J.: 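Take this structure first; my questions come after.
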Amino acid sequence: MSSVHFEVSGAVAVLRLDNPPVNSLGHELRRSIVDALARAEDDPAVKAVVLIGAGRGFSGGADIREFGTPKSLAAPNLHGVLRAIEECTKPVITAIHGICMGGGLELALASHYRIATLDAQIGLPEVKLGLLPGAGGTQRLPRVVGVERALNMIVSGNPVRANELSGTALFDAMAAGDLAAAALDLARALIAAGRGPKRVRDLALRLPNAAAYFQFARNTVKAIAGPYPAPLACVEAVAAAVQQPFDSGLKRERELFVGLMATAESAALRHIFQAERAASHINGMPDSVASRPINRVGVVGAGTMGGGIAMSFINAGLPVTLLETTQEALDRGLANIRRNYQGALRKGSLTEAGLEQRLALITPTLQYEPLRDADLVIEAVFEDLEVKRKVFERLDEIVKRGAILASNTSALNLDVIARFTRRPQDVIGLHFFSPANIMRLLEVVRGAETANDTLATAMALAKTIGKVAVVARVCDGFIGNRMVARYSMAAHDMLVAGALPQQIDAALQNFGMAMGPFRMADLAGLDIGWAIRKRRAAEFPNEDFSNVADILCEAGRFGQKTGSGFYRYEAGTRVGVPDPAVTAIIERYRETQGVVPRAIPDAEIVERCIYALINEGARTVDEGIAQRSSDVDLVYLNGYGFPAYRGGPMFYGDSVGLITVVRALSRIAAVSGADAGFWTPAPLLARLAREGKTFSEYRGSST
Ligand code: NAD
C-alpha cells in the first residue's frame with residue numbers, strides 16, 4: 001500500500017512518502033501527497049513542511065507501469081502535485097537520501113528548500129527510456145546547477161552523487177548524520193528567520209552566447225545520439241529554459257515530452273525496461289520459495305567459457321575454484337583471465353590492486369576434492385555428452401548435498417545431463433554467452449526435474465553477477481540458438497538465391513543488427529556449425545544439410561581464426577573484406593543446386609531474416625520454451641545484437657502488425673516449394689494475427 005505518513009513535530013509537518021520499493025510516484029501516492037499538503041496548509045500550528053522518503057530512498061520517480069494508462073493522467077497528475085508543492089504558502093523542504101531520480105528530483109525541485117545526504121544519487125534518467133524529464137526538470141535543474149551541468153545530467157541520464165552538487169543552489173544544506181533530524185533543524189531555522197517559500201522558477205537563468213552554445217550542443221549530441229531522438233529533444237528543452245520565460249519553457253518541455261512519448265524508439269526502450277522486470281517472474285513459482293545461499297562457486301573447465309564465467313563471479317566478489325584436467329590447460333586459462341584484466345587495467349577501468357584482489361579469489365586445481373564445499377558448480381567442458389557424463393558423475397560423488405550443479409551446454413539435453421547425477425532436482429542449465437564476462441545475457445535452463453529453489457537461486461545469482469537472466473525450457477538450442485539457426489538459414493537461402501554475404505550483412509546492419517549473419521558466423525567460427533551439420537547428416541541421412549559454409553570449411557576457411565571465411569581478413573585486423581574467391585564458391589554452389597540467381601532487394605533480405613526470427617520466437621513461446629515474448633526479446637537484444645530502438649524481434653513484430661508478418665510469411669511459403677514448412681506461420685502467430693492481437697498482450701500457456 002502506498003501512502004504518506006503525516007506527523008507533526010512542533011511547528012513542522014513531516015510527510016513521509018511510503019511506497020516500497022522506491023517510492024515511485026504512482027497515482028495513490030500522488031493523491032496522498034496532495035491531501036497531506038492540504039492538511040498541513042490548513043493546520044495553523046504548522047509553519048513548515050518536510051517531505052522525506054521512507055525506506056531506501058526519497059523517490060525513484062514516475063511509476064512506469066502507469067505509462068500509457070489512464071492512471072498516469074488521473075488527478076492529481078505529477079504536474080498537479082508539483083503545483084501544490086510550489087504554491088504551498090508554507091516553506092516545503094525536501095529531505096533526500098538514497099535515490100532521487102526522475103519525477104522524484106522534479107518534485108524536489110518544485111519544493112522550496114532541499115537538503116540531502118552526501119551519498120544520495122541525483123539524476124534525471126528519462127532519456128534512457130527515450131524521453132525527457134517532462135515535469136519541469138529541464139527548466140528547473142539548469143536554474144540551480146547551471147546549464148552545462150544540467151545538460152550533461154539530462155542528456156546522459158546518469159546519476160550524480162549529491163556531494164558533487166553541494167555548493168550549488170540545488171541544496172540548501174547537506175546532512176552528514178541523521179537526515180530527518182537535519183531537515184527538522186533546517187525547517188526550524190527557516191521558521192525562526194521568518195523565511196517563506198523560495199521558488200526555483202523565480203531564479204534568473206542567464207547564459208552568454210546562448211545561441212552559439214546550443215548550436216554546439218546540438219551538433220555534439222547529434223553526433224552521439226544515433227537513431228534516438230530524445231537526446232536532441234533534451235537540448236531543445238534546456239535551450240527553452242534559457243531562452244524563454246519559465247512558463248513558456250515549461251510548455252515547450254511538455255510539447256517535446258509528448259512528441260517523444262509517441263516515438264517508436266521510446267516505446268521500444270520502455271518495453272525493454274518492463275521486459276527486464278518481467279523476466280524475473282517465473283511461471284508456476286510460489287512466492288514462498290527461498291533461494292539457497294551461494295558463497296563459493298566451482299567452475300569446471302578453464303577454456304573460452306570457463307574463464308569468462310569465473311571472471312563474472314570474481315567480479316562480483318565471489319570466490320571461485322577453477323578445475324582443469326592438465327596443468328597446461330589450467331595455466332593457459334589463468335593466463336587468459338589475467339590478460340583480460342590487464343586490458344581493463346590499460347583502459348583505466350581497473351586498478352592494479354583491483355586486479356590482484358580479483359585474481360586472489362581464484363583457487364586453481366586439478367582435483368575435484370576442493371569443490372566439495374562449493375555451493376554451486378558450473379561445468380564448461382567440451383560439448384561432448386560423454387565428457388559431461390564423467391564430470392557430472394564425479395561432481396555428484398564429491399560436491400556436498402544441497403549444492404547446485406549447473407551446465408553451460410549450448411545444445412546438449414540438460415535432462416539427460418541431470419540424470420548423470422542422483423540429484424536431478426539440483427541440476428540446472430546456466431547458458432552464458434561469449435565472452436561470458438562481458439555479455440549480459442544468461443539463459444537459465446529449467447530441466448524437467450529442476451527444483452523451484454534451484455531455479456530461484458540461479459535467478460538471484462544472475463542478479464548478483466549483473467546478468468539479464470531469462471528462463472528457458474529444454475529444447476535444441478534453447479531460445480537464442482534455436483532462433484538464430486532459423487535466421488541463419490533464411491540468410492543462407494538469400495545467399496543461394498542471388499545475394500552476396502556483404503549485401504546481406506549490410507542490409508541487416510542497416511536494419512540495426514550489430515553485426516550481419518555472415519560477419520557473425522566468421523567471428524564465432526564456421527567449424528562449429530560444420531560439426532553440427534555433419535552430426536545431423538549422420539543422424540538423418542535422408543535430409544540435406546549442405547551449406548556454403550561447408551565448402552568454405554573444406555577449404556580451411558573457418559572464419560576470423562584462420563584469416564578467412566565468408567570474408568578475408570588481413571593479418572592483425574578483424575574487419576573482413578569481400579573475397580572474390582567466396583563469390584566464385586557461391587556461384588558454383590548455386591549451379592550445383594540448379595539455381596538461377598536473381599537480384600534481391602535489401603528489404604526482402606530483412607523481411608525474410610527478421611520474420612524467420614519472429615516465427616521461431618512464436619514457436620518457443622507457444623511451446624513454453626520461453627515464458628513470454630518479452631523474454632525472447634531480451635535474449636535477442638542482449639545476446640545477438642538486435643537493435644534496442646526496435647525493442648526486440650517480437651516487439652518489432654507487434655509494431656509492424658502481426659497480420660503483416662503472417663501475410664509476408666504465407667507469401668514466402670507459397671513460393672518456397674520444399675521449404676514451405678519453414679515459412680508457414682507458427683500457430684500462435686497465426687492465431688494472434690487472426691484475433692488482431694499482439695505478442696505483448698499474450699499471457700501464454702503456463703509452462
Ligand atoms: P573450450 O574448448 O574453449 O574449453 C573447454 C575446456 O574444458 C578446455 O580448457 C578443456 O581442457 C577443459 N576440459 C575438458 N574436459 C574436462 C574435464 N573433464 N574436466 C575439466 N576440464 C575439462 O570450450 P568452450 O568454448 O569454453 O565451451 C565450453 C562449453 O560451453 C561447451 O559446452 C560449449 O557448448 C558451451 N558454450 C560455448 C560457447 C562459445 O561461444 N564458445 C557459448 C556458450 C556455451
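In listed order, ligands and their atoms are each counted from 1. All figures in this text were calculated on a predicted structure; none of them were measured in a lab. Atoms considered below: every heavy atom in the structure, side chains included; atoms not considered: hydrogens, waters and symmetry mates.
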J.: Please step through side chain to side chain contact (heavy atoms under 4.5 Å, CB included) for the pair Glu616 and Tyr487, ending with a clear verdict.
T.: CA-CA 9 Å; Glu616 193 63 10; Tyr487 170 80; over 6 Å; no

J.: Report yes or no: does Lys390 have a heavy atom closer than 4.0 Å to ligand 1?
T.: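 For ligand 1, residue contact (heavy atoms, under 4.0 Å) with Lys390 is absent.
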
J.: Considering only the protein, which heavy-atom contact is closest to atom 43 (C) of ligand 1, and what is its distance?
T.: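 Looking only at protein heavy atoms, the one closest to atom 43 (C) of ligand 1 is Phe432 O, 3.2 Å.
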
J.: Ring centres under 6.0 Å, that's the criterion: do Tyr645 and Tyr652 meet it?
T.: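 Here the rings of Tyr652 and Tyr645 have centres that are no less than 6.0 Å from each other.
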
J.: Look at ligand 1 and say whether Phe382 reaches it with a heavy atom at a distance under 4.0 Å.
T.: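 Yes, Phe382 has a heavy atom closer than 4.0 Å to ligand 1.
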
J.: Could you tell me whether atom 23 (O) of ligand 1 has a protein heavy atom closer than 4.0 Å?
T.: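 There is no protein heavy atom less than 4.0 Å from atom 23 (O) of ligand 1.
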
J.: Glu386 and side chain to side chain donor-acceptor pair (under 3.5 Å): which single residue from Lys388, Arg389, Lys390 fits?
T.: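 One option only clears the test, and that one is Arg389.
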
J.: For atom 33 (C) of ligand 1, tell me which residue out of Ala411, Ala524, Ser410 has the closest non-hydrogen atom.
T.: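 Ranked by closest heavy atom to atom 33 (C) of ligand 1, first place is Ser410.
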
J.: Check ligand 1 against Val300 and write out every atom of the ligand that is under 4.0 Å from a heavy-atom position of the residue.
T.: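 Answer for ligand 1: 19 (N), 20 (C).
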
J.: Do Phe566 and Phe518 make the cut of ring centroids closer than 6.0 angstrom?
T.: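 So the answer is yes for these two rings.
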
J.: I need the Leu345 CG to Lys347 NZ distance, nearest 0.5 Å.
T.: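 Output value for this atom pair is 11.0 Å.
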
J.: Below 30° counts as parallel, above 60° as perpendicular, anything between as tilted: where do the rings of Phe558 and Trp530 land?
T.: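 The arrangement is tilted - the two ring planes meet at 30° to 60°.
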
J.: Would you call Lys388 a ligand 1 contact, heavy-atom distance under 4.0 Å?
T.: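 Lys388 counts as a contact of ligand 1 under the 4.0 Å cut-off.
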
J.: Can you tell me if Arg574 has over 12 outside heavy atoms packed within less than 6.0 Å of its CZ?
T.: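 Result for CZ/Arg574: open.
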
J.: Could you check atom 4 (O) of ligand 1 against the protein and tell me its nearest heavy-atom contact, residue, atom and distance included?
T.: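 Among all protein heavy atoms, the one nearest atom 4 (O) of ligand 1 is Gly303 CA, 3.3 Å.
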
J.: Looking only at protein heavy atoms, which one is nearest to atom 31 (C) of ligand 1, and how far off is it?
T.: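 Nearest protein contact, heavy atoms only, for atom 31 (C) of ligand 1 is Val381 O, 3.2 Å.
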
J.: After noting the C-alpha distance and the side-chain angles of Asp426 and Arg292, does the key distance pass the side chain to side chain contact (heavy atoms under 4.5 Å, CB included) rule?
T.: CA-CA 11 Å; Asp426 296 335; Arg292 308 178 196 177; 2.9 Å; yes

J.: Heavy-atom distances under 4.0 Å decide this one: backbone, side chain, both or neither, for Phe433 against ligand 1?
T.: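 The answer is neither; Phe433 stays 4.0 Å or more away.
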
J.: When you look at Met513 and Met520, which way does the side chain to side chain contact (heavy atoms under 4.5 Å, CB included) test go after all the steps?
T.: CA-CA 10 Å; Met513 298 300 291; Met520 193 168 78; over 6 Å; no

J.: In the protein, which heavy atom is nearest to atom 19 (N) of ligand 1, and how far is it?
T.: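 Minimum-distance protein heavy atom for atom 19 (N) of ligand 1 reads Thr325 CG2, 3.5 Å.
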
J.: Is Val391 close to ligand 1, meaning an N/O of one under 3.5 Å from an N/O of the other?
T.: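 Looking only at distances, the answer is no, because the N/O contact criterion of under 3.5 Å is not met.
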
J.: Give the single entry among Thr326, Asn408, Val387 that approaches atom 15 (N) of ligand 1 most closely by any heavy atom.
T.: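 It is Val387 that holds the nearest heavy atom.
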
J.: Number the atoms of ligand 1 from 1 as they appear, then name those within less than 4.0 Å of a heavy atom of His431, with their elements.
T.: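 Answer for ligand 1: 43 (C), 44 (C).
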
J.: If you have a sec, work out which protein heavy atom is nearest atom 26 (O) of ligand 1 and how many Å separate them, to one decimal?
T.: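 Answer, as residue, atom name and distance: Met305 N, 2.7 Å.
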
J.: Taking the side chain from Asn638 and the backbone from Arg440, do they hold a donor-acceptor pair closer than 3.5 Å?
T.: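 No, Asn638 side chain to Arg440 backbone: no donor-acceptor pair under 3.5 Å.
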
J.: Determine whether a donor-acceptor pair (N or O, by modelled atom type, separation under 3.5 Å) exists between the side chain of Asp522 and the backbone of Tyr567.
T.: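 Yes, Asp522 side chain to Tyr567 backbone: donor-acceptor pair under 3.5 Å.
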
J.: Is a side-chain donor-acceptor pair under 3.5 Å present for Tyr569 with Asp579?
T.: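 No, no side-chain donor-acceptor pair sits under 3.5 Å.
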
J.: For atom 9 (O) of ligand 1, what is the closest protein heavy atom, and at what distance to 0.1 Å?
T.: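 Answer for atom 9 (O) of ligand 1: Glu324 OE2, 2.5 Å.
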
J.: Tell me the nearest of Glu328, Arg332, Arg394, Glu383 to atom 34 (O) of ligand 1, using heavy-atom distances.
T.: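 Minimum heavy-atom distance to atom 34 (O) of ligand 1 goes to Glu383.
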
J.: In the protein, what heavy atom is nearest to atom 40 (O) of ligand 1, and what distance, to one decimal place, separates them?
T.: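 Among all protein heavy atoms, the one nearest atom 40 (O) of ligand 1 is Ser434 CB, 3.4 Å.
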
J.: Need the ligand 1 atom indices (1-based, order shown) with element for anything under 4.0 Å from a heavy-atom of Thr304.
T.: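 With Thr304 as reference, the close atoms of ligand 1 come out as 3 (O), 25 (O), 26 (O).
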
